[in-house]
Amino acid sequence: MARRIDVTGAGGVRLAAWEFADPPKADGGEPTPPGPGVLLLHGLMGRAAHWARTARWLATRHRAVALDQRGHGRSEKPADGPFDRATYVADAEAAVEQLGLAPVTLIGHSMGALTAWQLAARRPDLVRALVICDMRASALGSASQAEWAEWFASWPLPFATLADVRKWFGEDDPRLERPNPARGEFFAEVMTERSDGWRPVFSRRQMLKARAAWVHDAHWEELALVECPTLVVRGLDGELGRAEAQEMVRVLPRGEYAEVTDAGHLVHYDQPDGWRRAVEPFLASVLPA
């Protein structure tokens, strides 16, 4: 079961939020009162459905909602944005308040993790706990942005079939060091069939604009303002190095650290069982039963 809930984001942008499990039932068959709220925020190019497996195991004890952020998934993709950091944070804030999730646990991957910790720094009253998944606090710089623009231009669009999507992103992409079938599946979920073949559901131009809003700056000061318990999770082969992750934990007032072996950047998608083993004990320690 996937249930869509409409949210009005900053500037009136229509956002799609999703629940991927039926609420637990009491002995009498009636739904039990919703548990502590959890908001799941995907990374750049992602979508709420990438959290479906996580949301389902969370839903046994919590009210877990995943958000398609602006420009992604089924949410609105305004031609001119904005796609700046303040707007993404305002969208997440609107989702928490309109869905009645506060005090919320925010779980974010990559760009979604940055949105999560920026919201936690801005509105500590709304946030109970935070999970940061494979997102760096340091600046990546102009060269990184240029590399992404070149990578987007290299995509062999349109893809004739979803099998071609899986093969290119999971095997043939020159950025890959070795085959990664989970990466191919990840990108297959963000493609849609058009008259000429399969193309991304997002605009690559908009993705570059969204990325430009954080790639040139470091985000350590905002990290230090996060008051709630926070778990920093990295994939052993991900983009967040161990030294930087441990420095993030040191900077966080209440930081903890975990890593998932055999996982790359898409930690929760590469290794869902390892991801759950890393995250579940932390959630059990900070959320009421």
Side-chain angles (χ1 to χ4, degrees), residues 1-21 37-56 58-59 63-102 104-120 122-123 126-127 133 135 148 152 157 165 185-194 198-214 266 268-269:
M1 186 280 292
R3 183 170 76 95
R4 173 174 173 164
I5 311 166
D6 290 329
V7 171
T8 301
V13 168
R14 296 185 301 277
L15 304 174
W18 301 86
E19 292 181 306
F20 292 99
V38 178
L39 183 66
L40 298 145
L41 298 170
H42 61 72
L44 191 74
M45 303 180 294
R47 67 186 308 168
H50 286 144
W51 289 116
R53 184 164 179 170
T54 296
R56 289 184 178 118
L58 282 171
R63 186 188 176 200
V65 181
L67 181 68
D68 277 334
Q69 296 174 82
R70 65 173 55 215
H72 297 76
R74 298 288 184 87
S75 286
E76 193 173 353
K77 303 166 180 63
D80 298 321
F83 296 102
D84 58 90
R85 287 282 79 221
T87 302
Y88 275 103
V89 173
D91 285 345
E93 182 179 0
V96 171
E97 293 184 326
Q98 291 173 36
L99 298 172
L101 298 175
V104 69
T105 294
L106 299 173
I107 300 178
H109 172 247
S110 194
M111 178 191 78
L114 178 57
T115 300
W117 91 58
Q118 289 179 326
L119 176 56
R122 173 179 167 178
R123 291 291 309 273
L126 290 183
V127 183
C133 180
M135 180 61 187
W148 270 68
F152 277 147
L157 296 174
V165 174
E185 292 293 340
F186 181 96
F187 279 97
E189 285 200 47
V190 293
M191 296 289 161
T192 187
E193 191 171 20
R194 306 278 175 80
W198 292 84
R199 294 180 177 273
V201 298
F202 50 79
S203 158
R204 289 172 291 168
R205 177 186 62 83
Q206 291 182 350
M207 296 301 98
L208 283 174
K209 287 184 68 174
R211 192 173 189 272
W214 85 75
L266 306 173
H268 59 296
Y269 210 84

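For the pair V104 and L39, the tightest heavy-atom approach, listed with the atom from each and the gap, is CG2-N, 3.6 Å. Residues V38 and L101 approach most closely at O-CD1, 4.2 Å, considering heavy atoms. Scanning all heavy atoms of the two residues, the minimum distance from S110 to G43 falls at CB-CA, 4.1 Å. Of all heavy-atom pairs between T87 and A10, the closest is CG2-CB, 4.0 Å. Here the closest non-hydrogen pair linking A113 and C133 is CB-N, 3.9 Å.
With hydrogens and angles disregarded, no donor-acceptor distance shorter than 3.5 Å links the side chain of Q69 to the backbone of L41. With hydrogens and angles ignored, the 3.5 Å screen pairs no side-chain donor or acceptor of E19 with any backbone N or O of R63.
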List the atom pairs, with distances to 0.1 Å, where a side-chain N or O of residues 187-194 and a protein N or O form a donor-acceptor pair under 3.5 Å, not counting sequence neighbours.
{"unit_1": "E189", "atom_1": "OE2", "unit_2": "Y269", "atom_2": "OH", "d": "2.4"}

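The aromatic rings of F202 and F152 sit tilted relative to each other, their planes meeting at an angle between 30° and 60°. Classified by interplanar angle (parallel below 30°, tilted 30° to 60°, perpendicular above 60°), the ring pair H50/F186 is parallel. Between W18 and F20, the angle of the ring planes stays under 30°, which puts this pair in the parallel group of the 30/60° scheme.
Counting only heavy atoms from C-beta outward, the side chains of L44 and H72 approach each other to under 4.5 Å. Annotation: side chain of M45 is not in contact with side chain of M111 (no heavy-atom distance under 4.5 Å). Between V7 and S75, every side-chain heavy-atom pair lies at or beyond the 4.5 Å cut-off. Contact check for L58 versus I107: side-chain heavy atoms found under the 4.5 Å cut-off. The shortest distance between side-chain heavy atoms of Q118 and W214 does not fall below 4.5 Å.
Taken from CG in L119 to CG in L114, the straight-line distance is 11.0 Å, to the nearest 0.5 Å. Distance check, rounded to the nearest 0.5 Å: CD of Q98 to CG of D6 gives 10.0 Å. In this structure, CG on L40 lies 9.5 Å from CG on L67, to the nearest 0.5 angstrom. Rounding to the nearest 0.5 angstrom, the gap separating the CE atom in M207 from the CH2 atom in W148 is 10.0 Å.
Note on residues 84-93: pairs passing salt bridge (Lys or Arg N to Asp or Glu O under 4.0 Å), not counting sequence neighbours, are R70-D91, E93-R122, E93-R123.
For the side chain to side chain donor-acceptor pair (under 3.5 Å) test, no residue two or more places apart in sequence or in another chain qualifies with R14.
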